[in-house]
2 protein chains.
Amino acid sequence: MNALHHCISQYYPISLPAWEALSKALTRVEVPKSSFLVKEGTVCNKLYFLEQGCLRGYYNLDGKEVTYWFGFEHNFITSFYSFISRKPGIENIQVLEDSTLWGISAEVLHQLFDQHHDLERLVRIINEQYYIRLEERLMAMQFKTARERYEQLLESSPHILQRIPLGQIASYLGISQETLSRIRSQV
Amino acid sequence: MNALHHCISQYYPISLPAWEALSKALTRVEVPKSSFLVKEGTVCNKLYFLEQGCLRGYYNLDGKEVTYWFGFEHNFITSFYSFISRKPGIENIQVLEDSTLWGISAEVLHQLFDQHHDLERLVRIINEQYYIRLEERLMAMQFKTARERYEQLLESSPHILQRIPLGQIASYLGISQETLSRIRSQV
DNA sequence: GTTTTCTTTTGACAATTGTCAAAAAAGGAA
DNA sequence: TTCCTTTTTTGACAATTGTCAAAAGAAAAC
């Protein structure tokens, strides 16, 4: 739980009462490798903080698994579309390494928002930071070659390459596994 | 201003005092075609609501203008990275048609957040909706062909094609103008 | 240690998309 | 209208990336 508190304070330092209310509302979740935190076609009702481990979000398109994010230690995790819209999503969240998370339901979170303005501010700020990251990823996808995207990933997240199979990384970069393999051998 | 109120209420109905405070804080901005609302290298200090007109966000990469969003009536407009981080951005916001906007500075908005919790909630919710849109766009960019992205754009925003030069649309879709021209001639 | 399974690499070829250059078309200004 | 500028289309060719199939390598199970 300390990791969460530390992570939060880097975004926005909430008041003690807000932190106490939040920490009471959190549930510890442990999930084994290869299991699923969220399955497509269901409503994802929870927001998670990943304390330890590694996950990925993917969906099925034309019979292929399409990975569009990875989550590592100290990331916030949810099936965003589903969590926000309260509708079933197409996303699967799969556990890539045995993981420990802290979860809170949408209902409880919204109750806390009513009681603690600063908690809602925190979430607003976190959302904004995640938006900026997404924006950067979109730009890379829109205007950089496969090789450039790979090199950018190497720089920003070298740890991904040690922990994730190549096929999933290729999918995340929007290229085929074969192309990524060839790019790697030419660097 | 009515358009803004109506737009807001579709996201989250704020209280009357919050609306009054917000509407007092807004400045009307009129900008002529071809002018710039934001220039790269500067801090974008304002969040805008576009009442009438049309804008685009782009940046320069290797001597080329790279368009990554268009704004139309009833969209919220800002150079997001710069507005959030308070740092100079690389983005230019250019006016494509004579436009009318309502603007508010980051400072004033944050003051209003302190005074009106529901205003901050509104912005949180709007951010979340814009996040979802961005997510959809990233997915399209990552896993669809140029033709599919074009057809998707045709469906979701046919008005873009009437109002925006082809070269800018091609850039937005992440393809060359020649390719888009060829795709169009084959549909 | 051996087998089985999963992951990565390689080859051959096809499809997609980009680049450069020029022509055609459309839109505005005088 | 006529001229000028901007936008769009077309052609030829090159570069990038994808697909399919098979081989090689690594990891996990027995």
From [atom1] of [X] over to [atom2] of [N], roughly how many Å is that when rounded to an integer?
X: B:Ile164; N: D:dT6; atom1: CD1; atom2: P; value: 18 Å
X: B:Leu96; N: D:dT6; atom1: CG; atom2: C1'; value: 15 Å
X: A:Arg163; N: C:dT7; atom1: CZ; atom2: C1'; value: 19 Å
X: B:Ile169; N: D:dT7; atom1: CD1; atom2: P; value: 12 Å
X: A:Gln162; N: C:dT8; atom1: CD; atom2: C1'; value: 16 Å

Examine distances only and state if a side-chain atom of [X] and a backbone atom of [Y] form a donor-acceptor pair shorter than 3.5 Å.
X: A:Ser99; Y: A:Cys54; answer: yes
X: A:Arg86; Y: A:Val43; answer: no
X: B:Arg28; Y: B:Met1; answer: no

Open item on the list: Tell me whether A:Arg124 is salt-bridged to A:Glu128, with the criterion being a basic N under 4.0 Å from an acidic carboxylate O.
Closed with: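 Answer for the salt bridge query: yes.
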- [ ] At under 4.0 Å between heavy atoms, which parts of nucleotides 14-23 of chain C does protein reach? Answer with one letter per nucleotide, 5' to 3': B base, S sugar-phosphate only, - none.
- [x] ---SBBBB--
Open item on the list: Is the phosphate of C:dT8 approached by A:Arg184 (side-chain N or O, under 4.0 Å from OP1 or OP2)?
Closed with: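 For C:dT8, neither OP1 nor OP2 has a side-chain N or O of A:Arg184 closer than 4.0 Å.
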Open item on the list: Just checking B:Phe70 against B:Tyr172, ring centres under 6.0 Å apart?
Closed with: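 Yes, close enough.
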Open item on the list: Using every non-hydrogen atom in the two residues, find where A:Gln168 and A:Thr67 come nearest and quote the distance to one decimal.
Closed with: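 Smallest interatomic distance, heavy atoms only, reads O-CB, 3.8 Å.
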